[in-house]
Amino acid sequence: MAEQERAIRTRRAILLAAAKVFQERGYQTATISEILSTAGVTKGALYFHFQSKDELAQGVLTAQHQDLVIPDRTTKLQEIVDMVALHTYRLQTNPMVRASVRLAMDQRAADLDRSGPWQDWVDGVRVKLELAQAQGELLPQVQAGETADVIVGAYAGIQSMSQAISDYEDLVVRVSALLRHLLPSIAQPSVLPSLDLTESRGARVYEEALEFSKQLAAAG
């Protein structure tokens, strides 16, 4: 058990080091040597967990979708808002998530498959939109797949703008404005007043999701 825990800690340390180097240098210019030096582990330890820089990058990319579960909401559009709010909060507070987003948006990383996080986001939003549609929350012309692409693309653009202008300091404000502009174009007018779009939503959803995820893990 102690050996297994040590292996988990080592893997985590390597991923954190890789995230730091990818965040600072980008995928193309980052090197295994830099990651080794930052992590303070041997080459053998690194290659035991990750066979290549590509595998390290994929490990960091998956950090965007850490196993945090948002409880079901009565209004499915609120679940989409909460997905965005939670990610926004984690992007501002979690270095691994920052590095993951940097990699996902790194157009110079031509030989890295960056499609996973994008597809996960689109699929997740699409499913919520389909549920919202079934509950009568959406305007009749809304097409879930197309709208999911638009929401994810617009949110990615806001993230990129915020990173360039303020290093994400103004991200919550920008995301709140984005949602206020997007949601009236897809939601039934009667649903809009029930949605919580407050700028403090992300921190509250994070604490709630953390506790809910712990409860689910304990329940087995």
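All values derive from a computational prediction rather than experimental measurement. Start at 1 with the first residue, then count along the sequence.
- Atom CG of residue L178 and atom CZ of residue R180 lie 10.0 Å apart, to the nearest 0.5 angstrom.
- Within the 3.5 Å criterion, the main-chain N or O of M96 finds no donor-acceptor partner in the side chain of S100.
- Relative orientation of the Y206 and Y89 rings is tilted, given thresholds of 30° and 60° on the angle between their planes.
- Linking Ile, Leu, Val, Met, Phe, Trp and Tyr residues whenever their side-chain heavy atoms come within less than 4.5 Å leaves L61 and L68 in two separate clusters.
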Practice problem: Any chance you could lay out the side chain to side chain contact (heavy atoms under 4.5 Å, CB included) test for V81 and D196, step after step, and finish with the verdict? | Solution: CA-CA 8 Å; V81 170; D196 184 352; over 6 Å; no
Quiz item: Between V97 and H87, does a side chain to side chain contact (heavy atoms under 4.5 Å, CB included) hold up when you go through it step by step?
Solution: CA-CA 8 Å; V97 175; H87 182 75; 3.9 Å; yes
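- Salt-bridge check for R73 with E208: passed, with a basic side-chain N closer than 4.0 Å to an acidic carboxylate O.
- Here R126 contributes atom CZ and D149 contributes atom CG; the two are 10.0 Å apart, rounded to the nearest 0.5 Å.
- S176 places no side-chain N or O within 3.5 Å of a backbone atom of V172 that could act as its donor or acceptor partner.
- Linking ILVMFWY side-chain heavy atoms closer than 4.5 Å, directly or via other members, places L171 and I165 in two distinct hydrophobic clusters.
- Cluster membership check: L131 does not share its hydrophobic cluster with V191, using side-chain heavy-atom separations under 4.5 Å among Ile, Leu, Val, Met, Phe, Trp and Tyr.
- Side chain of E130 to backbone of A144: no donor-acceptor contact under 3.5 angstrom is found.
- For the pair K214 and E211, the salt-bridge criterion is not met [side-chain N within less than 4.0 Å of a carboxylate O].
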Exercise. Mind running side chain to side chain donor-acceptor pair (under 3.5 Å) on R174 and S166 for me, showing each step along the way?
Key: CA-CA 11 Å; R174 291 183 183 278; S166 71; 5.5 Å; no
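- Between the S185 side chain and the L182 main chain, a donor and an acceptor come within less than 3.5 Å of each other.
- Judged purely by atom type and a 3.5 angstrom limit, E79 has no side-chain atom pairing as donor or acceptor with the backbone of K128.
- Put simply, the side chain of T88 gets close to the backbone of V84: a donor and an acceptor are under 3.5 Å apart.
- A donor-acceptor pair is defined here as one N or O able to donate and one able to accept, closer than 3.5 Å; no such pair exists between the side chain of S162 and the backbone of I158.
- A chain of hydrophobic side-chain contacts below 4.5 Å, direct or via other Ile, Leu, Val, Met, Phe, Trp or Tyr residues, connects L112 to I35.
- Ion pairing of R98 with D167 is present here, as a side-chain N (NZ or NE/NH1/NH2) and a carboxylate O approach within less than 4.0 Å.
- Residues L91 and L16 do not share a hydrophobic cluster, clusters being chains of Ile/Leu/Val/Met/Phe/Trp/Tyr side chains in contact below 4.5 Å.
- Separation of atoms CG (D54) and OH (Y27) is listed at 4.5 Å; rounding is to 0.5 Å.
- Listed for the K53 side chain is a donor-acceptor partner under 3.5 Å among the backbone atoms of A30.
- Shown are D82, T75, T74; of these, the side-chain hydrogen bond (donor to acceptor under 3.5 Å, both in side chains) with Q78 is made only by D82.
- Taking a cutoff of 4.0 Å between a charged side-chain nitrogen and a carboxylate oxygen, E34 and R25 qualify as a salt bridge.
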Practice problem: Could you please spell out the steps behind the side chain to side chain contact (heavy atoms under 4.5 Å, CB included) verdict for Q163 and V101? | Solution: CA-CA 10 Å; Q163 190 276 328; V101 169; over 6 Å; no
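- Taking CG from L129 and CD1 from I186, the interatomic distance works out to 5.5 Å, rounded to the nearest 0.5 Å.
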